[in-house]
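Here's the structure, in structure tokens; my notes come after.
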Amino acid sequence: MIGWLSRHLQALVFALGRLARAPVATLFTAVVIAIALALPAGFLLLTHSVRDVAGNATTVDLTVYFKREVPLESVQQLAAHLRQRNGIESVAVITADDALALMRKDSSLAEALGALPDNPLPHALSIHPAADASSSTSLGALRQYLTAWPEVELVQLDSDWVRRLDAILLLMQRITLGIGTLLGIGVLAVIGNTIRLEINGRRQEIEITQLVGGSAAFVRRPFLYTGALYGLLGSLLAAGIVQTAGALVAGPVNQLARSYGSQFALQPLGVQGLGLMLGVGGVLGLAGAWLAAARHISRLQPRA
Amino acid sequence: MIRFDRVYKRYPNGREALSSVSFDIAAGEMVFLTGRSGAGKSSVLRLITLLERPTRGLVNVLGHDTQRVGVSKVPAFRRQVGMVFQDHRLLGERSVFDNVALPLVVAHTPLRETDKRVRAALDQVGLLDRIQALPGELSVGEQQRIGIARAIAPRPALIVADEPTGNLDPQLSREILGLFCRLRDAGSTLVIASHDMALVNESGARQIHLDGGRVIP
Ligand SMILES: Nc1ncnc2c1ncn2[C@@H]1O[C@H](COP(=O)(O)OP(=O)(O)OP(=O)(O)O)[C@@H](O)[C@H]1O
Ligand SMILES: [Mg+2]
């Protein structure tokens with residue numbers, strides 16, 4: 001165990017030394033990797049921000065209109081029953097009188113309404129679903145449930161734009177996935193090529209190590225560490241890029257969103273996001289180095 | 001320890017370097033491979049160290065039928081053999097210490113033990129005072145001795161040397177021969193390719209004489 005640890009520590013120190021000895025070249029490679037990682041990361045962050053808004057501010061209220069003959073007590077009972085249900089944040093009872101008063105206040109129908117002998121409006125409930133139950137499917141289910149009540153005349157729900165937002169989110173996710181995959185392959189190629197050059201530059205050393213009985217794993221190990229370090233360094237830089245870009249546009253974006261009455265806000269990367277980026281970068285670096293090592297080290301056959 | 005049985009080696013360019021070569025080398029023996037340039041001495045050593053595989057015939061080393069030693073087993077096999085190369089094969093950017101330590105490092109020898117063995121090996125070739133030097137700062141003969149120190153540092157049971165005294169003056173050559181004799185007396189088996197006939201004869205050791213890829217009895 002200690003031997004294993006010291007072997008890896010040795011390879012790590014060796015790889016770090018290599019990178020540190022050529023700081024400019026290392027930085028260039030890291031910047032290329034960083035740009036390739038920053039793009040999908042930024043997109044992912046944007047998608048998350050949008051989804052967050054969709055989750056909070058876009059919950060759609062349902063309005064339940066009762067049949068005219070249903071008395072207010074039954075409506076209130078049903079409201080109390082609904083409040084016990086999962087996925088419902090609040091239920092407000094709108095009595096026929098309230099509704100009429102409201103209509104009188106802002107409707108151009110006020111005069112016509114005034115001419116009526118009695119209140120033509122039914123009692124109603126305004127239901128505000130919980131954030132985690134406002135996808136179009138769960139709203140649809142709720143609507144079906146309410147419609148099945150015999151006292152209910154009509155359930156109104158404007159879910160069209162929820163569906164639209166869902167579609168946009170899905171599209172953004174797909175685009176992120178596409179860009180991420182493409183640029184991930186790019187990172188793999190950049191690191192693979194860098195490691196290939198490194199292997200070529202140290203050909204003699206590799207050969208001699210093989211001659212004295214260095215195993216494939218022993219020869220490969222420092223290169224794997226180099227690749228992983230490139231990936232980590234690149235993703236660290238990428239996180240910096242994303243964070244900086246986010247800070248630059250956050251002000252205007254939030255202002256714009258507020259002017260539309262939206263609570264949309266660009267989210268910062270956060271510890272989780274940083275961890276994810278480092279993980280992805282490290283794994284890509286390791287994989288790229290592995291591919292290069294598997295391909296190019298085995299081709300070096302020692303001669304004597 | 002080593003057995004060649006009707007071994008043929010034909011290189012990819014069609015050159016037949018060895019034809020029906022057979023010999024036995026017992027454990028604890030020191031044997032010289034002699035013959036003119038191009039006779040096939042290095043080819044024999046390359047077959048012993050698995051740098052090449054025979055085209056035909058049996059090569060048995062340290063109890064292994066080398067034909068059965070797969071690619072992944074070659075490193076472990078080589079760690080049992082100390083090799084001295086005709087062209088030294090030192091790492092130019094690493095110190096003498098690092099060079100001699102390399103076979104110990106790849107074998108995951110503990111640091112303290114590595115340090116001890118490197119010093120002992122350098123002492124044996126008379127270059128302990130150059131432990132910090134870079135190979136480029138050494139004479140060719142000194143580099144050769146560093147190569148020898150690297151081969152003997154892990155104390156392998158089998159040492160294979162290709163022209164180990166090729167760049168040494170007669171005085172140093174004799175010292176190296178003395179070292180080899182001491183290693184043999186300590187139980188090592190040595191196979192040494194050399195065309196320094198004076199030295200070979202002085203050693204009194206057995207010779208396997210090659211000519212045109214054949215063993216001359
Ligand atoms: N890799 C190779 N490819 C093709 N031919 C080779 C190769 N290595 C050696 N030969 C040929 O095989 C023959 C034997 O070569 P080898 O190196 O074994 O000779 P040697 O006895 O060690 O010679 P020297 O004393 O000059 O080192 C030579 O004719 C040489 O040209
Ligand atoms: Mg030779």
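By convention in this document, chain letters (A, B, ...) are assigned in the order of the sequence lines, proteins followed by strands, and residues within each chain are numbered from 1.
Using a 4.5 Å cut-off between non-hydrogen atoms, the part of residues 14-22 of chain A that approaches chain B consists of A:Phe14, A:Arg18. For residues 225-242 of chain A, heavy-atom neighbours of chain B at less than 4.5 Å comprise no residues at all. Using a 4.5 Å heavy-atom cut-off against chain B, no residue of residues 27-38 of chain A qualifies as contacting.
Taking OG of A:Ser215 as the start and CZ of B:Arg78 as the end, the distance is 12.0 Å to the nearest 0.5 Å. Summarising the geometry, atom CD1 belonging to A:Ile208 is positioned 8.0 Å from atom CG belonging to B:Leu102; distances are rounded to the nearest 0.5 Å. Atoms CD and CZ, on A:Glu205 and B:Arg89 in that order, are 13.5 Å from each other to the nearest 0.5 Å. Atom CD of residue A:Gln10 and atom CG of residue B:Leu111 lie 6.5 Å apart, to the nearest 0.5 angstrom.
Residue B:Arg206 places its CZ atom among more than 12 non-hydrogen atoms of other residues, nucleotides or ligands, all under 6.0 Å distant. For B:Glu113, the CD atom is densely surrounded, since the number of other residues' heavy atoms within 6.0 Å is greater than 12. Heavy atoms from other residues, nucleotides or ligands lying under 6.0 Å from NE2 of B:His108 number more than 12. For CZ of B:Arg53, the number of neighbouring non-hydrogen atoms (other residues, nucleotides, ligands) closer than 6.0 Å is greater than 12. Within a 6.0 Å sphere centred on CZ of B:Arg214, other residues, nucleotides and ligands contribute 12 heavy atoms or fewer.
Proximity to chain A (any heavy atom under 4.5 Å) is shown, for B:Val71, by neither the backbone nor the side chain. Contacts between B:Leu90 and chain A at a heavy-atom distance below 4.5 Å involve the backbone alone (N, CA, C, O). Of the two parts of B:Glu93, only the side chain, counted from C-beta on, holds a non-hydrogen atom closer than 4.5 Å to a non-hydrogen atom of chain A.
Per-residue counts of heavy-atom pairs under 4.5 Å with chain A were compared for B:Gly92, B:Pro103, B:Pro75; the largest is that of B:Pro75.
Partners of B:Asp98 by side chain to side chain contact (heavy atoms under 4.5 Å, CB included), not counting sequence neighbours, listed by chain and number: B:Arg94, B:Ser95.
Between B:Arg150 and A:Leu211, every side-chain heavy-atom pair lies at or beyond the 4.5 Å cut-off.
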